[in-house]
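Here the structure comes first, spelled out in structure tokens, and everything after it is commentary.
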Amino acid sequence: MIILVINCGSSSIKYQLLDMKSDEVYDLLAKGLVEKVGLPMGCITHKPTGKDKMYKELSIPDHKIGMQIVLDALVDPEYGVLKSFDDIEAIGHRVVQGADFFSGSAIVNEDVISKIEICCDYAPLHNPAHLLGIRACQHVLPSVPQVVTFDTAYHQTMPDYAYMYALPYEYYEKYRVRRYGAHGTSHQFVADKGAKFVGLDLNNSKIITCHIGNGSSISAIVNGKVVDTSMGFTPLEGMIMGTRCGNIDPNVVTYIMKKENLTPDEMTTIMNKKSGFLGVSGVSSDARDIDTAANEGNYRAKLVFKKLSYDIIKIIGSYIAVMDGVDAIFFTAGIGENNVRLRRRVCENFSYMGLKFDYEANVAQGVDTLLSCPDSKVKVALITTDEELVIARDTMHLVLGE
Ligand code: ADP
């Protein structure tokens with residue numbers, strides 16, 4: 001089944017075209033990125049498998065035209081991978097926020113769309129863009145079934161005491177204010193693949209998945225079901241991230257707002273876009289730049305790295321307590337898959353419970369690798385993530401009625 005996977009942002013459209021033969025057997029036909037939608041001049045970078053990359057600058061006033069440009073690239077005589085649009089059998093969309101409406105992926109219909117619309121309140125930067133993408137696809141490929149996969153769905157198994165904030169209960173009832181988590185597709189994929197990789201039965205396991213990238217979250221998963229995750233009502237909660245502050249005393253927010261005379265929107269921007277690695281180091285939001293600066297002796301860059309490993313250790317430690325033990329810890333995403341020093345620093349703190357870290361194996365980057373010694377009581381592994389594949393699999397199953 002040929003499936004187009006779409007991840008629509010407010011000014012971008014990321015896409016992958018996959019030929020899914022089964023869950024495990026598939027070909028990536030092409031991937032690409034449309035950027036600067038709505039700006040005076042936009043661009044598309046299209047990478048067809050086995051052919052040259054295509055880059056074009058052109059006017060992309062809205063998402064409908066953006067989608068049309070993606071389709072044109074897919075059937076382009078020189079750079080295309082399809083004969084006709086009709087070859088696309090289904091479309092799968094990533095949606096950031098499904099709140100407690102969705103505990104799994106869903107076929108798009110007007111009811112699903114209206115629930116995603118309600119969730120715009122909780123993900124104002126993301127959900128409206130996803131809706132634009134869904135509508136654009138309905139416009140350009142009206143007869144092709146569409147599926148939505150939610151970043152929040154996998155976390156819907158969290159118990160009430162884990163997702164509830166200790167605020168007046170009426171805010172939960174009136175505004176659905178509670179913890180939802182994020183990166184669910186990645187945590188699910190990594191827990192499933194990682195369990196197989198280290199020889200655990202997922203249905204009889206205690207796993208901690210660490211998705212450490214530009215945005216970062218950690219999940220505690222018992223028998224394949226999430227019992228806690230570090231992101232909350234929005235992806236701001238949890239550890240220090242590229243530009244997000246993670247956990248802070250909520251009173252700090254109103255204190256700084258009063259001192260600096262800031263509006264709620266301005267404060268939200270500071271916490272989401274100007275904090276984290278960027279805010280503390282003053283150097284960059286990118287971990288590689290932080291590493292370089294730290295190696296040159298920059299105190300604030302070193303502090304970022306120390307805080308990142310400290311936050312991760314604290315969350316993992318609390319999840320081991322919550323689960324009454326752990327069988328495996330998996331690292332994934334840009335930093336988790338590549339930052340050798342961070343993985344070492346984190347894992348060294350769990351030697352007390354019999355985790356024996358394999359320092360030689362830990363040179364690995366971006367390839368599934370066992371990072372614990374054979375006699376380690378806790379297995380540790382680098383497991384690469386693939387959120388698009390989860391979306392393509394779910395799309396295939398739902399469209400086939402499975
Ligand atoms: P996003 O949340 O945007 O998907 P990623 O998972 O791609 O983020 O992670 C981005 C982070 O991963 C950046 O901080 C980057 O420095 C880091 N990263 C990516 N590739 C590497 C690499 N090869 N070596 C070290 N760090 C990397």
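Keep in mind that this is a model prediction, so the values were computed, not measured. Remember, it's 1-based here, ligands and their atoms both numbered in the order they're listed.
Taken from OG1 in Thr185 to CG in Asp151, the straight-line distance is 5.0 Å, to the nearest 0.5 Å.
Donor-acceptor pairing under 3.5 Å is recorded for the side chains of Arg343 and Asn362.
Taking only nitrogen or oxygen atoms, main chain and side chain alike, Gly334 reaches within less than 3.5 Å of ligand 1.
Looking at Ile212, Asp289, Ile335, it is Ile335 that brings a heavy atom closest to atom 17 (C) of ligand 1. Selection from Asn214, Asp286, Asn338, Ile290 by nearest heavy atom to atom 20 (N) of ligand 1 gives Asn338.
Atoms of ligand 1 found under 4.0 Å from any heavy atom of Gly215 (numbered from 1 in listed order, with element): 2 (O). Shown in contact with Ala287 at under 4.0 Å from a heavy atom are these atoms of ligand 1, numbered in order with element: 13 (C), 14 (O), 16 (O).
Within the 4.0 Å heavy-atom cutoff, Gly242 does not count among the residues contacting ligand 1. Residue contacts with ligand 1: Asn339 is excluded, as none of its non-hydrogen atoms falls under 4.0 Å.
Considering His211, Glu237, His187 in turn, His187 is the only one that fulfils the side-chain hydrogen bond (donor to acceptor under 3.5 Å, both in side chains) rule with Ser217. Results of the side chain to side chain contact (heavy atoms under 4.5 Å, CB included) test with Ile312 over Ile240, Val346, Ile329, Ile208 single out Val346 as the only residue that passes. Just one of Phe357, Phe330, Tyr359 meets the side chain to side chain contact (heavy atoms under 4.5 Å, CB included) condition when paired with Leu371; it is Phe357.
Applying the side chain to side chain donor-acceptor pair (under 3.5 Å) test to residues at least two apart or on different chains, the pairs with a partner in residues 25-35 are Lys21-Asp27.
At the shortest separation from atom 26 (N) of ligand 1 among protein heavy atoms lies Arg288 CG, 3.5 Å.
In this structure, atom 1 (P) of ligand 1 is in close contact with the protein, since a protein heavy atom lies within 4.0 Å of it.
Taking the six-membered ring where the residue is Trp, Tyr352 and Phe350 present tilted rings, their angle falling between 30° and 60°.
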